[in-house]
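Okay, so here's the structure we're looking at.
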Amino acid sequence: NTLSGKTRYTNGTSFRGALILKSILDIADEVDTIGLWINTSAHENADERRRYRMDGIELFHYLRGKRPAYFSLAYLERLKGEVVSYGKNHIMTRNDRGYQLVLMNWNLINPYLSIEENFLQRLNVELSVKISGLPAGEYQVRKHVFDKNNGALYTKWWNLNSKHGMDKEVIDYIINSSLPSLEIFNETIDGEWSFYTYLTSNAVHFFDIRKAYKL
């Protein structure tokens, strides 16, 4: 499990996407199966007092909203091919389509500090990435960004809440729009590719680097 707060507010604001993904990658060679709760309701109902629980990670919220663990596992499942590089903040694979690169700005912090925006700003990083040895040619790069502003259910939930509560329209909008962002661009690579990318705390940037084949 990752560090958990004692209230829904602190846990909601404490985005842990990269931390969850990194934790799973670190134990991937040692375990066969990872167990998670299907949703918050099932997790809490498993306790006779139906209290707020901190002893596990859920895939979904009370309704159909996807929690960070859902997208973290989805990116893990999406990784294909042979691992060609693995480090503290990244993993890169090679497959039939090209390459995949995952960058992670994982941070293990007290969830109560996650409500301090000035503190969180100090955890953001700009990475300079240089990849050598890529076959020369044309590539289509698909960049997925998963962070507290792109894919985190709680951020939209908090911003769209009011003293009059929510109705089905608002809830459906939050659920349907809480997705990682996607950017697609073309690159001509001649053996080496370098770029900068900016990651907020516990952000995941997933690059699908596909070799373009001419018809």
Side-chain angles (χ1 to χ4, degrees), residues 2 14-32 34 57 66-109 114 119-152 155 178-215:
T2 56
S14 180
F15 179 77
R16 285 163 288 182
L19 180 59
I20 293 172
L21 179 56
K22 175 64 175 175
S23 299
I24 294 174
L25 285 170
D26 285 346
I27 63 173
D29 293 333
E30 303 173 23
V31 301
D32 294 322
I34 297 173
I57 296 177
K66 301 176 180 68
R67 295 181 66 88
Y70 178 94
F71 292 112
S72 296
L73 289 173
Y75 285 131
L76 183 64
E77 178 68 18
R78 186 167 180 166
L79 272 176
K80 303 295 182 183
E82 172 193 7
V83 176
V84 294
S85 182
Y86 182 64
K88 179 180 178 181
N89 295 309
H90 80 281
I91 181 170
M92 185 173 182
T93 64
R94 177 174 55 218
N95 55 54
D96 294 339
R97 297 292 304 271
Y99 298 85
Q100 292 175 317
L101 171 67
V102 180
L103 301 177
M104 300 165 285
N105 178 25
W106 62 274
N107 293 286
L108 183 63
I109 63 171
S114 66
F119 173 79
L120 291 180
Q121 288 290 332
R122 296 197 294 269
L123 299 178
N124 299 341
V125 297
E126 183 178 41
L127 295 183
S128 174
V129 180
K130 180 183 290 186
I131 305 174
S132 301
L134 296 179
E138 298 288 330
Y139 289 82
Q140 181 196 74
V141 181
R142 304 184 181 193
K143 177 183 178 182
H144 302 257
V145 173
F146 175 44
D147 58 20
K148 66 176 184 177
N149 297 313
N150 300 279
T155 301
S178 297
L179 297 169
S181 68
L182 171 62
E183 178 185 358
I184 299 178
F185 50 94
N186 301 315
E187 288 286 341
T188 300
I189 298 176
D190 187 12
E192 184 177 278
W193 182 42
S194 60
F195 62 91
Y196 291 91
T197 191
Y198 185 79
L199 295 89
T200 57
S201 178
N202 276 313
V204 176
H205 288 192
F206 188 105
F207 293 83
D208 206 345
I209 309 165
R210 300 185 178 187
K211 188 73 181 293
Y213 297 98
K214 296 181 179 180
L215 298 177

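Listed here is the closest heavy atom pair of Phe15 and Ser201: CD2-O, 3.8 Å. When all heavy atoms are compared, the tightest approach of Phe146 to Ala152 is CE1-N, 4.4 Å. Considering every non-hydrogen atom in both Asn105 and Thr200, the closest pair reads ND2-O, 3.0 Å. In terms of heavy atoms, Thr155 sits closest to Lys148 at OG1-O, 2.5 Å. For the residue pair Ser23 and Leu19, the shortest heavy atom distance occurs at OG-O, 2.7 Å. Pairing each heavy atom of Gly137 with each of Lys211, the nearest pair is CA-CE, 3.9 Å.
For Glu183, the side-chain contact (heavy atoms from CB on, under 4.5 Å) partners at least two apart in sequence or on another chain are Lys143, Phe185. Partners of Arg142 by salt bridge (charged side-chain N to carboxylate O under 4.0 Å, His left out), not counting sequence neighbours: none found. The salt bridge (charged side-chain N to carboxylate O under 4.0 Å, His left out) search around Asp26 returns Lys22, not counting sequence neighbours. Residues passing the ring-ring contact (aromatic ring centres under 6.0 Å, His included) test with Trp106: none are found, sequence neighbours excluded. With sequence neighbours left out, Tyr139 forms a ring-ring contact (aromatic ring centres under 6.0 Å, His included) with no residue at all. Judged as a side-chain hydrogen bond (donor to acceptor under 3.5 Å, both in side chains), and not counting sequence neighbours, Ser72 has no contacts. With sequence neighbours left out, the side-chain contact (heavy atoms from CB on, under 4.5 Å) criterion links Ser178 to Leu153, Lys156, Ile174. Among residues two or more places apart in sequence or in another chain, the side-chain contact (heavy atoms from CB on, under 4.5 Å) test is passed with Glu77 by Lys80. For Asn150, the side-chain contact (heavy atoms from CB on, under 4.5 Å) test picks out Val145, Asp147, Ser181, with sequence neighbours left out. Annotation: side-chain hydrogen bond (donor to acceptor under 3.5 Å, both in side chains) contacts of Thr188 (sequence neighbours excluded): Glu138. Residues meeting the side-chain hydrogen bond (donor to acceptor under 3.5 Å, both in side chains) test with Ser194, sequence neighbours left out: none.
To the nearest 0.5 Å, the span separating CD1 on Ile209 from CG on Leu134 amounts to 6.5 Å. Remark: Glu82 CD to Met92 CE distance equals 11.0 Å, nearest 0.5 Å. Between the CG atom of Asn95 and the OG1 atom of Thr93 there is a distance of 5.5 Å, given to the nearest 0.5 Å. To the nearest 0.5 Å, atom CG of residue Asn202 and atom CG of residue Leu21 are 10.5 Å apart. Put simply, CD1 on Ile24 and CD1 on Ile34 are 4.5 Å apart, with the number rounded to the nearest 0.5 Å. Atoms CG and CG, on Leu127 and Leu103 in that order, are 6.0 Å from each other to the nearest 0.5 Å.
Within 6.0 Å of atom OH in Tyr99, more than 12 heavy atoms from other residues, nucleotides or ligands are found, so the atom counts as buried in its surroundings.
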Q. Between Val129 and Trp193, is a side chain to side chain contact (heavy atoms under 4.5 Å, CB included) present by the stated rule, with each step listed?
A. CA-CA 8 Å; Val129 180; Trp193 182 42; over 6 Å; no
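Legend: ring-ring contact (aromatic ring centres under 6.0 Å, His included) pairs involving residues 72-91, not counting sequence neighbours, sorted by first then second residue: Tyr75-Phe206.
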